Amino acid sequence: MGELTFSIIKPDAVQNGKIGDILKMITDSGLKIKATKMIQLSRVQAEGFYAVHKERPFFGELVEYMISGPCVVSVLEGDNAIKRYRDLMGATNPADAEEGTIRKAFGASIEANACHGSDGPDTAAIEVPYFFSSLELVN
Ligand code: CMP
C-alpha cells in the first residue's frame, strides 16, 4: 500500500461545478481515490480541522469560507502521495501557481483556492481519520 494523503475540494470549486474536473486531474496524475464524499462542514468541524491556524489573522474568514457551502473530502493513495498531490495543487496562492496545477486552473484567491492537501505525514495521519473511518477506505 502506498502513502495516504487527505484532500478537500473547497466550496468555491464545488459551487463552480469543478468536482469532476479536479477528481479527473487527481486520477490522471496516477493517484488512487481510496474514499470520497460530499459534506457540509459545521463550524465546529471547520475550526477543529484548521486548529493549527487558530492564531493566524485569516482564521475567522477561513472558517466562514469553509462552511459557506459543501466540500468534497477524499483520501488519496500512491507512492509519495503527499508531495505528489501538493505538486498537483500548486502554490497556495493561485496567482503563484504553475500552469497545469489545480489552483492555477480553478483557484480564485488565496482563500478560495479550490483545494487543500495534507502538508506532511504527521498532518495526513490526523486529517484522514478526522473525516473517514478505516472502514470507508476501499482496498
Ligand atoms: P489550505 O491548504 O487549506 O490551508 C490553510 C488555508 O488558509 C490555505 O489553504 C488558504 O486557502 C487559507 N488562507 C487564507 N489566507 C491565507 C494567507 N494569508 N496565508 C496562507 N493561507 C491563507
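All values derive from a computational prediction rather than experimental measurement. The first residue of the sequence shown is numbered 1, and numbering continues consecutively from there.
When all heavy atoms of Gly69 and Pro11 are compared, the closest pair comes out as O-CG, 3.6 Å. Minimum heavy-atom separation, Arg43 to Ile67: NH2-CD1, 3.6 Å. Considering all non-hydrogen atoms of both residues, Asn139 and Lys34 come closest at CA-NZ, 3.9 Å. The two residues Ala81 and Thr5 come nearest to each other via the heavy atoms O-CG2, 3.8 Å. Nearest heavy-atom pair across Ala35 and Leu137 is CB-CD2, 3.7 Å. Nearest heavy atoms, Ser118 versus Ala124: OG-CA, 3.4 Å.
Residue-environment remark: CD (Glu136) exceeds the threshold of 12 foreign heavy atoms within 6.0 Å. No more than 12 heavy-atom neighbours from other residues, nucleotides or ligands sit within 6.0 angstrom of NZ on Lys24. In this structure, Gln40 places its CD atom where more than 12 heavy-atom neighbours from other residues, nucleotides or ligands lie under 6.0 Å away.
Arg103 contributes a side-chain N or O that, together with a main-chain N or O of Cys115, makes up a donor-acceptor pair within less than 3.5 Å. For the pair Asn16 (side chain) and Lys18 (backbone), a donor-acceptor distance under 3.5 Å is absent. Here the side chain of Asn113 pairs a donor or acceptor atom with the backbone of Thr92 at under 3.5 angstrom. Here the side chain of Glu47 pairs no donor or acceptor atom with the backbone of Val44 at under 3.5 angstrom. The closest donor-acceptor contact from the side chain of Tyr65 to the backbone of Lys10 lies at 3.5 Å or more, if one exists at all. Listed for the Gln45 side chain is a donor-acceptor partner under 3.5 Å among the backbone atoms of Ser42.
Side chains of Glu111 and Phe58 form no contact here, defined as non-hydrogen atoms less than 4.5 Å apart. In this structure the side chain of His116 never reaches within 4.5 angstrom of the side chain of Met66, judged on heavy atoms.
Other members of the hydrophobic cluster containing Ile33, listed by chain and number, are Ile9, Val14, Ile19, Ile22, Leu23, Met25, Ile26, Leu31, Met38, Val72, Leu76, Tyr85, Leu88, Met89, Ile102, Phe106; membership follows side-chain contacts under 4.5 Å among ILVMFWY residues, whether direct or relayed.
Each ring pair (Phe, Tyr, Trp, His ring centres under 6.0 Å) pair with one or both residues in residues 120-139, not counting sequence neighbours, appears once here: Phe6-Phe131, Phe49-Tyr130, Phe49-Phe131. Screening residues 66-81 for side chain to side chain donor-acceptor pair (under 3.5 Å) gives Thr36-Ser74 as the qualifying pairs, with residues at least two apart or on separate chains.
One hydrophobic cluster, built from ILVMFWY side chains closer than 4.5 Å, cannot hold both Ile126 and Leu41; they sit in different ones.
With rounding to the nearest 0.5 angstrom, the NZ atom of Lys54 is 7.0 Å from the CZ atom of Phe59.
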